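Please read the structure below before turning to the comments.
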Amino acid sequence: MTKNKRLLRRKAVRILSNLYAVLIYSIFYIPVAVMILFSFNDAKRNYYWQGFTTEWYGKLFSFANTDLWDALLYSLIIAVLATLISVTIGVLGGIGLKKFEFRTKRFINMMIYVPIIVPEIVLAVAMLIIFMTVGIRLGMGTILIGHCTFCIPYAVVTIKGRITGDSETLQEASMDLGANRFQTFWRVTVPSIMPGILSSAFLAFTLSIDDVVMSNMLAGPSQSTLPVLILSLNRTGITPDVNALTTVMVALMVAGMLVLNGVQRHLKKRENRLAAEVETKRSSAHAA
């Protein structure tokens, strides 16, 4: 009898856990599903559903709305540059904080989390004050600096977390087999942390292209990023071609995540195979 009660209790917990997961995922993804559905709405304003049409995708890819495409291109340029800068500094910072000991290491480790914890509006206002005081003109450069400010800590934390669980066996074996430090870094260290690099790049790109607060505060008078443009359109009503563009972006993001997961699995298999080959060569070298 006690065993049956235990089984019933486990079954009830499993059912409640599944219902809770469905509820959470519904809260996350129902708005996205509604946004995708209204990209096929046969109406000039997305207030009510009036019928199904693919007209807005045709207008989108006919480049009739030049402001929308200019804002998207502007956002992509900033996001790509911010990703490259953040990942480069993140790789150097993550490796440096993992492998080297210095006096201010603990302080730097704590300060990395400040831009992550501090509200973005505080960072945006602080950077706006600095730029206005120094006399720097607002534009793409100021937005790029602002995006790097909050993307770099995420990149450093992600890559450092990937390095933390790794031993230095592969690097030591590479040095024992005659490789110099640069060859070891490029052929051994970088491939071993590539999953962390890809994850940090994907995270930095998503944070940058999705940002509203920093971009709105540091944007110049002539151009704005896509999220800022959509925010301004919200006052007069968002047209379905904006929904069509965001639907395409969601599809590309999902495809990118699937490709990223596949690449990470491939790199993990390659890392394990490389480790086995290096260990075999190292054992043969010591035996000789």
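None of these values were measured; they are calculated from a predicted model.
The side-chain hydrogen bond (donor to acceptor under 3.5 Å, both in side chains) test applied to N109 returns K160, not counting sequence neighbours. Remark: L229 engages L68, A71, S224, S232, L233 in a side chain to side chain contact (heavy atoms under 4.5 Å, CB included) (not counting sequence neighbours). Evaluation of the side chain to side chain contact (heavy atoms under 4.5 Å, CB included) rule for K269 yields no partner, not counting sequence neighbours. With sequence neighbours excluded, no residue forms a side-chain hydrogen bond (donor to acceptor under 3.5 Å, both in side chains) with N216. Listed by chain and residue number, S17 satisfy the side chain to side chain contact (heavy atoms under 4.5 Å, CB included) test with V13 (two or more places apart in sequence, or in another chain). F202 is linked by a ring pair (Phe, Tyr, Trp, His ring centres under 6.0 Å) to nothing, counting only residues two or more places apart in sequence or in another chain. Listed by chain and residue number, S39 satisfy the side-chain hydrogen bond (donor to acceptor under 3.5 Å, both in side chains) test with Y57 (two or more places apart in sequence, or in another chain). Applying the ring pair (Phe, Tyr, Trp, His ring centres under 6.0 Å) rule to Y154 yields no partners; only residues at least two apart in sequence or on another chain are considered. Legend: residues meeting side chain to side chain contact (heavy atoms under 4.5 Å, CB included) with I27, ordered by chain and number and at least two apart, are L23.
Residue I145 holds its CD1 atom at 11.5 Å from CD1 of I78, rounded to the nearest 0.5 Å. Taking CD from Q50 and CZ from F38, the interatomic distance works out to 9.5 Å, rounded to the nearest 0.5 Å. Atom-to-atom distance recorded for T142:OG1 and L218:CG is 5.0 Å, nearest 0.5 angstrom. Atoms CE and CZ, from M111 and R106 in turn, are 14.5 Å apart once rounded to the nearest 0.5 Å. Atom-to-atom distance recorded for I77:CD1 and Q223:CD is 8.0 Å, nearest 0.5 angstrom. With rounding to the nearest 0.5 angstrom, the CZ atom of F52 is 9.0 Å from the CG atom of L37.
None of V228, D210, T225 except one satisfies the side-chain contact (heavy atoms from CB on, under 4.5 Å) rule with S75; the exception is T225.
Both L252 and I209 belong to a common hydrophobic cluster when Ile, Leu, Val, Met, Phe, Trp and Tyr are linked at side-chain heavy-atom distances under 4.5 angstrom. I30 and Y25 are not part of a single hydrophobic cluster, where members link through side-chain heavy atoms under 4.5 Å apart. Residues V259 and V248 share a hydrophobic cluster, clusters being chains of Ile/Leu/Val/Met/Phe/Trp/Tyr side chains in contact below 4.5 Å. One hydrophobic cluster holds both V114 and I129 under the rule that ILVMFWY side chains link at heavy-atom gaps under 4.5 Å. V122 and I130 fall within the same hydrophobic cluster, defined by Ile, Leu, Val, Met, Phe, Trp and Tyr side-chain heavy atoms under 4.5 Å apart, directly or through other members.
Not a single donor-acceptor pair under 3.5 Å links the side chain of T158 to the backbone N or O of A155.
No side-chain heavy atom of W49 sits less than 4.5 Å from a side-chain heavy atom of D42. In this structure the side chain of L72 reaches within 4.5 angstrom of the side chain of W69, judged on heavy atoms. In this structure, F150 and I152 have side chains that are not in contact, with every pair of non-hydrogen atoms separated by 4.5 Å or more. In this structure the side chain of V32 reaches within 4.5 angstrom of the side chain of M35, judged on heavy atoms. Between V156 and L97 the shortest side-chain heavy-atom distance falls below 4.5 Å. Using a 4.5 Å heavy-atom threshold, the side chains of F40 and N243 count as separate. The closest side-chain heavy-atom distance from F131 to M217 is not below 4.5 Å. For the pair T83/C151, no side-chain contact is recorded, criterion being any heavy-atom separation below 4.5 Å from C-beta on.
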Problem - From CA spacing to verdict: side chain to side chain contact (heavy atoms under 4.5 Å, CB included), W56, V242 - result: CA-CA 9 Å; W56 300 107; V242 177; over 6 Å; no
Problem - Candidate pair L245 and L226, rule side chain to side chain contact (heavy atoms under 4.5 Å, CB included), full reasoning - result: CA-CA 10 Å; L245 178 60; L226 182 62; 4.0 Å; yes
Handout entry: Test log, rule side chain to side chain contact (heavy atoms under 4.5 Å, CB included), inputs I143 and M214
Key = CA-CA 7 Å; I143 297 177; M214 190 76 74; 6.0 Å; no
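Listed by first and then second residue, the salt bridge (charged side-chain N to carboxylate O under 4.0 Å, His left out) pairs involving residues 51-78 are E55-K59 (not counting sequence neighbours). Applying the side chain to side chain donor-acceptor pair (under 3.5 Å) rule to pairs touching residues 198-208 yields H147-S208, S199-Q264, sequence neighbours excluded.
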Which donor-acceptor pairs under 3.5 Å do the side chains of residues 84-96 make with protein atoms, sequence neighbours left out?
{"unit_1": "S86", "atom_1": "OG", "unit_2": "A82", "atom_2": "O", "d": "2.6"}
{"unit_1": "T88", "atom_1": "OG1", "unit_2": "L84", "atom_2": "O", "d": "2.7"}

